[in-house]
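In what follows, chains carry the letters A, B, and so on, assigned in the order in which the sequence lines appear, proteins first and then strands, with residues in each chain numbered from 1.
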Amino acid sequence: MSAAISLRDLTLGYDRHPAVHHLDAEIESGTLVAICGPNGAGKSTLLKAIAGAIVPLSGSIVLPRAKPREIAYLPQSAEIDRTFPIDVFDVVAMGLFHTCGLFGGVSRSDRARVAAAIHAVGLDGFERRPISTLSGGQLQRMLFSRLLVQDASILLLDEPFTAIDSKTTADLLDLVARWHAEHRTVLVVSHDLDLVRAHFPQTILLAREPIARGKTEAVLTAENLAAARKMIEAFDRHAHACARPA
Amino acid sequence: MLYDLFVAPFVEFEFMRRALVGSCALALSGPPLGLFLVLRRMSLTGDAVAHAILPGAAIGYLLSGLSLWAMTIGGLVAGLLVAIGSGVAARATILREDATLAAFYLVSLALGVTLVSSRGSNIDLLHVLFGSVLALDDATLVFLVGVASVTLAAFALLYRALVIETVDPSFLASVSRAGGLTQSLFLALVVLHLVAGFHALGTLLAVGMMMLPAASARLVSTNMTAMIGIAAALGLLASYAGLVLSFQSALPSGPLIILVAGLLYLLALVFGPAGGLVRLLKPRHHLEA
């Protein structure tokens, strides 16, 4: 097994305060990994950095086998402007970005791929609905269908099951399982520990500092979770510059 | 009779034909930009940038009188400085974009008014503020139409990036580095368009031509393509009707064009099927599913 993503002494943050501090991790190709931790643990920040949307404060992210285009990123749905007058088909078609770019045309086969992806998440008949009319679950189905169109080897999902009903969660988990079976590398941020225990073989527990990583049952122990909670309370407004060598 | 009212002014007077061409050019290219300002919750940005243009145009005027190019270049430089400066300040400091933009444009406006009144007469100030659509010379007209064409072409190229950047900026950042550039180019187009607009309508009213048809179109349709078409159509209608009204009443044409656009906006506000007051006043029975 080779590493799909190597994180080397990675520090990420805002305004010099670290949100992820000195993280070393190898994420092997084809694994299904949950990223857990309390609020403010740096989970979303880590995903954004791997997606290339923010630049590390220090350390590096190495994607040996993936070009940037082979990464598909699902932001938290709160970051989407749902008042914008755009319909479901057009949002899912954004997943064609790597084939069409900013200026290219959308071919008949591209349209067929978009339609198939919309069908696969059970949103038939919603193609021309404005996104402002979708429920939370339908919105998330739409975003998963955009991921299907992107057809990437690495998938990064930020809180995909938050505020989603159980039927939708089950359907979307089926898609995650399918990607795993297709040997794609899938990273999912979640704070639903029961769901993680049930569906994710591997876990990284993060609380700004890395707490533990490996097999899920070995990581999500009462001891580790208590350590994570303690760590997150240690924010210091007047923190000194970190002395650990970069 | 109808001919005398609606057609004759444009057949008989060249200045009316020039005014029509100039304001129609602005009506075609301004509203699409305005629509994105509305959708990105930046409706007041156009206003701020328009104020910011004033000192640049004033410096151009002080250096070489009522020269098209001097005032244009001055306006462009001032507008871009404020747009870029406030953007940089917003990213580098704790203040948000709206606060930095307000601060920058207020300073710019104060500077502009001071400069104009230190040398010029009030009539000159009126020219810069309210334009002179009835006195467009060849060079100005060509410039207006040129800017409108460039704006529309650039807008078409930017369109996809702009839509994605507005709907889902994190997604765009994950697939492309075009996000920051898209925002900057969009703002640059707004500045360019407003600088062109102030020759015809003045800095204040150029914004009206951009925003009023756009806000109206948002109330009329839920479809982006339709909205762009409707916005441009409303702009054209306002230009034509405003000029006719101005000709028949001998009132200034720039403000009348904007007043007509404002009237159309009020109509959309009340009767707009995609979010106007009519939904509240006359609710229709709900559907079965």
Are there over 12 heavy-atom neighbours, none belonging to B:R96, within less than 6.0 Å of that residue's CZ?
no

For B:R40, is it the side chain, the backbone, both or neither that has a heavy atom under 4.5 Å from a heavy atom of chain A?
neither

Is A:Y73 atom OH crowded by more than 12 heavy atoms from other residues, nucleotides or ligands, each under 6.0 Å away?
yes

Pull out the residues in residues 81-94 of chain A that come under 4.5 Å of chain B, heavy atom to heavy atom, sorted by number.
A:D81, A:T83, A:F84, A:P85, A:I86, A:M94

Quick check on B:F271: does its CZ atom have over 12 non-hydrogen neighbours (other residues, nucleotides or ligands) under 6.0 Å away?
no

By residue number, those in residues 156-170 of chain B with heavy atoms under 4.5 Å from heavy atoms of chain A are B:L157, B:R160, B:A161, B:V163, B:I164, B:T166, B:V167, B:D168, B:P169, B:S170

Please list, in residue-number order, every residue in residues 222-233 of chain B that has a heavy atom less than 4.5 Å from any heavy atom of chain A; write 'none' if there are none.
B:T222, B:M224, B:M227

Is A:F97 close to chain B through its backbone or its side chain, or both, or neither, when contacts mean heavy atoms under 4.5 Å?
side chain

Qualifying residues under side-chain contact (heavy atoms from CB on, under 4.5 Å), relative to B:S29, sequence neighbours excluded:
B:A148, B:T151, B:L152, B:H193

